[in-house]
Amino acid sequence: MAFSPSQASQASASRPLVTVHVAQSLDGRIALAGMPTALSTPEGRRSAHEARAANDAVLVGANTVRIDDPQLTLRDVPGSQPLRVVLASTLELPPGSKILGTDGRAVIIGARGRVHEDARRTIEAAGASALVTAATSEGEVDIAAALAALHERGVKRLLVEGGARILTSFFRARAVDRIRIEMSMRLLGAPGTPMLGAIGVAALRDTPTLKNIEVERLGINVLVRGDLVWS
């Protein structure tokens with residue numbers, strides 16, 4: 001599904017077009033607390049790789065790197081490898097994280113005032129680029145600043161695969177244009193991690209909604225995708 005002209009012009013003026021891709025259980029949870037949780041089918045994994053191939057960069061948070069140690073590369077479909085981006089306020093990642101690679105295609109973004117120079121040197125020694133942008137009042141990476149920095153590096157389309165904290169941050173910043181949700185036929189319950197925390201919605205009329213919806217079977221799972229419209 002292509003972006004509408006209004007979406008494209010709004011996003012590309014200052015930031016990439018942002019698509020969120022996530023696999024979640026029927027009860028809206030994306031993982032069991034603190035552990036890798038595979039919810040995708042083989043068809044779902046291929047669909048996720050197709051989404052990576054359609055974007056210039058794919059982004060996760062530091063917690064996802066610590067728990068899942070993802071590669072964020074294309075392996076199931078052909079195409080150019082996307083830039084791999086991690087939001088890590090202190091620039092600290094576990095040594096040997098797969099996402100760093102050796103190809104110079106990883107960018108780690110930290111928050112101003114939170115980064116120590118030794119962490120920056122460690123990231124750069126691993127072959128990745130280190131960027132430092134504005135911080136929020138809580139000391140996290142400011143989403144708008146991070147998107148602007150990626151836009152300046154030529155990223156026009158960004159796929160966000162982050163965990164709950166990253167997803168919540170993007171929704172709170174109203175920086176999501178499209179959603180792809182792979183619905184697993186599992187129920188995780190508590191203490192499973194919900195997809196989103198508080199996103200600043202005070203009333204039902206303020207909630208973001210999906211338009212131009214498409215539904216696709218991915219084995220026993222179901223993919224729901226569409227354009228996100230903000231009230």
Side-chain angles (χ1 to χ4, degrees), residues 3 7-22 55-68 70 72 82-94 97 99-101 104-179 193 195-202 206 208 228 230-231:
F3 284 96
Q7 281 182 300
S9 61
Q10 179 181 15
S12 62
S14 59
R15 64 167 177 83
L17 297 165
V18 174
T19 300
V20 160
H21 177 86
V22 63
N55 284 271
D56 303 311
V58 56
L59 181 149
V60 297
N63 282 341
T64 294
V65 175
R66 295 185 186 106
I67 295 171
D68 295 335
L72 299 188
L83 196 69
R84 305 183 300 278
V85 183
V86 182
L87 299 190
S89 57
T90 63
L91 288 185
E92 295 176 337
L93 296 177
S97 296
I99 201 169
L100 296 175
R105 295 285 293 165
V107 177
I108 317 303
I109 303 179
R112 191 169 297 125
R114 298 284 309 280
V115 174
H116 296 290
E117 282 305 308
D118 57 347
R120 183 198 295 268
R121 287 192 290 268
T122 298
I123 289 296
E124 293 175 344
S129 298
L131 295 179
V132 179
T133 63
T136 66
S137 58
E138 293 82 18
E140 304 294 333
V141 175
D142 181 83
I143 297 300
L147 289 176
L150 291 173
H151 193 264
E152 289 176 2
R153 294 175 71 97
V155 175
K156 305 301 182 186
R157 291 177 176 265
L158 175 67
L159 185 70
V160 176
E161 295 186 8
R165 289 179 63 182
I166 292 296
L167 297 180
T168 299
S169 295
F170 270 83
F171 276 89
R172 286 186 67 88
R174 295 200 170 197
V176 179
D177 302 296
R178 297 200 66 215
I179 292 183
T193 303
M195 173 184 165
L196 293 175
I199 61 173
V201 173
D206 299 325
L228 200 68
W230 298 88
S231 300

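None of the values given here were measured: they were computed from a predicted structure.
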Problem - Member of R165, R172, R112 meeting the salt bridge (Lys or Arg N to Asp or Glu O under 4.0 Å) criterion with E140 - result: R165
Handout entry: Worked check of salt bridge (charged side-chain N to carboxylate O under 4.0 Å, His left out) between R15 and D177
Key = CA-CA 11 Å; R15 64 167 177 83; D177 302 296; 2.9 Å; yes
Practice task
Find out whether L147 and L158 are in side-chain contact, i.e. whether some heavy atom of one side chain is under 4.5 Å from a heavy atom of the other.
Solution key: yes
Exercise for the section: Please determine if E124 and R121 form a salt bridge, counting it only when a charged side-chain N lies under 4.0 Å from a carboxylate O. Expected result: no
Exercise for the section: Give the minimum heavy-atom separation between V141 and G110, together with the two atoms involved. Expected result: CG2-C, 3.7 Å
Exercise for the section: Can you see which heavy atom on V155 is nearest to which on A57, and at what distance? Expected result: CG1-CB, 3.9 Å
Problem - Contact check, side chains of L87 and I143, non-hydrogen atoms, under 4.5 Å - result: yes
Handout entry: W230 (side chain) donor-acceptor with A175 (main chain) under 3.5 angstrom
Key = no
Handout entry: V20 side chain near L167 side chain, heavy-atom distance below 4.5 Å
Key = yes
Practice task
State the CG-CG distance between L17 and L159, to the nearest 0.5 angstrom.
Solution key: 12.0 Å
Exercise for the section: Would you mind reporting whether R120 and V132 have side-chain heavy atoms less than 4.5 Å apart? Expected result: yes
Practice task
With the side chain counted from C-beta on, respond yes when P208 and V201 share a heavy-atom pair under 4.5 Å apart, and no when they do not.
Solution key: yes
Exercise for the section: Answer yes or no: is there a donor N or O on one side and an acceptor on the other, between the side chain of R84 and the main chain of L100, under 3.5 Å? Expected result: yes
Problem - Spacing of CD1 belonging to I109 relative to CD1 belonging to I123, to within rounding of 0.5 Å - result: 12.0 Å
Exercise for the section: Give a yes or no on whether the backbone of R114 and the side-chain of T90 come within a donor-acceptor separation of less than 3.5 Å. Expected result: no
Problem - Non-hydrogen side-chain atoms of L83 and V58 separated by less than 4.5 Å - result: no
Practice task
Please answer whether the main-chain N or O of I99 pairs with a side-chain N or O of S97 as donor and acceptor at a distance below 3.5 Å.
Solution key: no
Exercise for the section: Give a yes or no on whether the backbone of V60 and the side-chain of T64 come within a donor-acceptor separation of less than 3.5 Å. Expected result: no
Practice task
Decide yes or no for S129 and R153: does some side-chain heavy atom of the first lie under 4.5 Å from some side-chain heavy atom of the second?
Solution key: yes
Problem - Residue from I199, L59, L196 passing side-chain contact (heavy atoms from CB on, under 4.5 Å) with F170 - result: L59
Problem - Nearest non-hydrogen partners of A62 and A88, listed with the distance - result: CB-CB, 3.8 Å
Exercise for the section: Answer yes or no: is there a donor N or O on one side and an acceptor on the other, between the side chain of D142 and the main chain of A144, under 3.5 Å? Expected result: yes
Completion exercise
Nearest heavy-atom approach of V65 to P70 is CA-CD, 3.8 Å
Fill in the blank from the handout: Value for OG1 (T122) from CD (E92), rounded to nearest 0.5 Å, stands at 8.5 Å
Exercise for the section: List the atom of A198, the atom of T168, and the distance in Å for their closest heavy-atom pair. Expected result: O-CG2, 3.3 Å
Exercise for the section: Looking only at non-hydrogen atoms, find the nearest pair between A111 and A135 and report the distance. Expected result: CB-CB, 3.7 Å
Problem - Non-hydrogen side-chain atoms of P16 and K156 separated by less than 4.5 Å - result: no
